[in-house]
Amino acid sequence: MNWFVFRQHRKTFMIFGILLIAFAIFAIVSGNYFWHTYQHALATCHDFATPTDPQGTCDTLGNTLFQGDGAIVDTIVLTGFGAPLLVGLFLGAPLFAREYEENTNKLVWTQSISRRKWLTTKLLWALGFAALYGLILTLLTTHWFRTDNALNHDRFDTGLFDIQGLMPFIYTIFFTAVGFTMGVWWRKTLVALGVTLAIFVLAMASFGQWIRPHYMAPITVTAPMGPNAINNKIPTGAWILTKDIVDKNGKTFDSFDLQNMPAQCRAIIEDAKNGNGIHVKAAVGGPGGDPIDNCLNHAGYHQMATYQPPYRYWDFQRIEAGIFLGMTAVAVGATYWLVLKRDA
């Protein structure tokens, strides 16, 4: 049975293997180049700007390095994000749907191979391949993003969280399971492909925007009005969920909506705009000691932010991995039920 399953799906395994090898070469070569370039820049930059090199400070490396390499970054991001979906679409979805369409499942079931053995063998091959594929993928993307993580401290951001750490490995297994479950449910390859794609879009959007921020209670910080007052209280690499200006009652305030601003503060802006030619935006968000900031502080306005600290990154990875593995187990259980019970 193992030899039969291998021969049946060997072309799919081979195509995905070739694509993974090509991506591995690209990711390793470009990732090492970026890392060595970053290390060299880090060794030669200055803690402060100098007369001969005013832009050569270590703090500005993220704004100067790799600015013309957007195509390489996009390729890594799209591959890390899309590869789990492709495995689910072209390995998982047709795994059983094509058998039902061509009635080859009935031919197998009438031979000496039991339905359970047929199902278990195919599932083990599909999930085993998906796990190996996802493991290699996650090692490659995580290795590549070490430079970006060191420069920008943004691995917690939605989108980047999904393509490094544990997630490419977990997603590949999950969407493969979703694919073959949709295959035995709908018994049509194209329908299984479409539903799997829809579940991918729904899962990626819902987890990143609405579910993931609530894994752990965020930390809330407040600061008086003033430039960088709130940013100085948020650690580097944190995932900022909200950042607002609120009044003394905790109601969100739009600093550019002059009608909601206290009359005395609005008068200062109007006076600055008409008398000194200061732009409204500059007056509202001007430098420290700005009279507008002082006025808003006196009126009880302040800045408030909620964030997830960077040390929770791996906690979030493990929580989301556990959720998706649980859903994978449900998908596998549903597949067994659909094949062994509904078709019995």
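Of the possible donor and acceptor atoms, none in the side chain of D293 sits under 3.5 Å from a partner among the backbone N and O of M225. Although no hydrogens or angles enter the test, the distance criterion places a donor-acceptor pair under 3.5 Å between the side chain of Y133 and the main chain of F16. With hydrogens and angles ignored, the 3.5 Å screen pairs no side-chain donor or acceptor of D244 with any backbone N or O of V246. With hydrogens and angles disregarded, no donor-acceptor distance shorter than 3.5 Å links the side chain of T222 to the backbone of M304. Distance alone, capped at 3.5 Å, places no donor-acceptor pair between the Q308 side chain and the W239 backbone. Between the N249 side chain and the K251 main chain, no donor and acceptor come within less than 3.5 Å of each other. Between the side chain of T44 and the backbone N or O of H40 there is at least one donor-acceptor pair closer than 3.5 Å. A donor-acceptor pair is defined here as one N or O able to donate and one able to accept, closer than 3.5 Å; no such pair exists between the side chain of T306 and the backbone of L241. The main-chain N or O of L340 is never found under 3.5 Å from a side-chain atom of R116 such that the two would form a donor-acceptor pair. Judged by distance alone, the side chain of Q303 and the main-chain N or O of P224 form a donor-acceptor pair under 3.5 Å.
Grouping the Ile, Leu, Val, Met, Phe, Trp and Tyr side chains by contacts below 4.5 angstrom, directly or via other members, places L95 with Y100. Y307 and W314 fall into different hydrophobic clusters, where Ile, Leu, Val, Met, Phe, Trp and Tyr residues are linked whenever their side-chain heavy atoms come under 4.5 Å apart, directly or through other members. W35 and V29 sit in two unconnected hydrophobic clusters of ILVMFWY residues. Membership requires side-chain heavy atoms under 4.5 Å apart, directly or through other members. A single hydrophobic cluster is not seen to contain both I240 and F316; linkage of ILVMFWY side chains at heavy-atom distances under 4.5 Å, directly or through other members, places them apart. In the hydrophobic cluster analysis, where Ile, Leu, Val, Met, Phe, Trp and Tyr join through side-chain heavy atoms closer than 4.5 angstrom, I21 is grouped apart from I136.
For P94 against T189, the heavy-atom pair with the smallest separation is CB-CG2, 4.3 Å. When all heavy atoms of T12 and F90 are compared, the closest pair comes out as CG2-O, 3.7 Å. What you find for I268 and C295 is that their closest heavy atoms are CD1-CB, 4.0 Å. The two atoms that bring M182 and V195 nearest to each other are SD-CG1, 3.3 Å, heavy atoms only. P235 approaches P310 most closely through the heavy-atom pair CG-CD, 3.8 Å. Taking all atoms of both residues into account, the shortest heavy-atom contact from G179 to T196 is CA-OG1, 3.5 Å.
Relative to the six-membered ring of Y313, R155 meets both conditions, a distance below 6.0 Å and an angle of at most 45° to the axis.
Side chains of D157 and N152 form no contact here, defined as non-hydrogen atoms less than 4.5 Å apart. Looking at F23 and L137, their side chains come closer than 4.5 Å, going by heavy atoms from C-beta outward. In this structure, L127 and L124 have side chains that are not in contact, with every pair of non-hydrogen atoms separated by 4.5 Å or more.
Residues T335 and T181 bring a donor and an acceptor atom of their side chains to less than 3.5 Å of each other. Using a 3.5 Å distance cut-off with no hydrogens or angles, the side chains of T104 and E99 do pair a donor with an acceptor. Residues N228 and N232 have side chains that never bring a donor and an acceptor to within less than 3.5 angstrom of each other.
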inquiry  = side-chain contact (heavy atoms from CB on, under 4.5 Å) for R312 and I219? Distances and angles first, verdict last.
reply    = CA-CA 11 Å; R312 290 181 179 175; I219 294 175; 4.2 Å; yes
task = I would like to know whether H143 and N32 meet side-chain contact (heavy atoms from CB on, under 4.5 Å); could you show each step before the answer?
result = CA-CA 9 Å; H143 173 78; N32 288 340; 3.2 Å; yes
ask   = Checking side-chain contact (heavy atoms from CB on, under 4.5 Å) for the pair D154/N149: CA distance, chi angles, key distance, verdict?
value = CA-CA 6 Å; D154 56 358; N149 294 335; 4.3 Å; yes
ask   = Run the side-chain contact (heavy atoms from CB on, under 4.5 Å) check on F34 and D69 step by step: do they pass?
value = CA-CA 10 Å; F34 279 10; D69 299 309; 3.7 Å; yes
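Between W125 and F6, the ring-plane angle classifies as tilted under the 30° and 60° cut-offs. Below 30°, between 30° and 60°, or above 60°: for F324 and Y171 the angle between ring planes is above 60°, a perpendicular geometry.
Checked against the 6.0 Å centroid criterion, the rings of W118 and F96 qualify as a close aromatic pair.
Applying the ring-ring contact (aromatic ring centres under 6.0 Å, His included) criterion to F200, with sequence neighbours excluded, gives F81, F175.
Residue I113 places its CD1 atom among more than 12 non-hydrogen atoms of other residues, nucleotides or ligands, all under 6.0 Å distant.
For the atom pair CG of L20 and CG of L140, the computed distance is 6.5 Å after rounding to the nearest 0.5 Å. Between the CD atom in Q8 and the NZ atom in K11 there is a gap of 12.0 Å [rounded to 0.5 Å].
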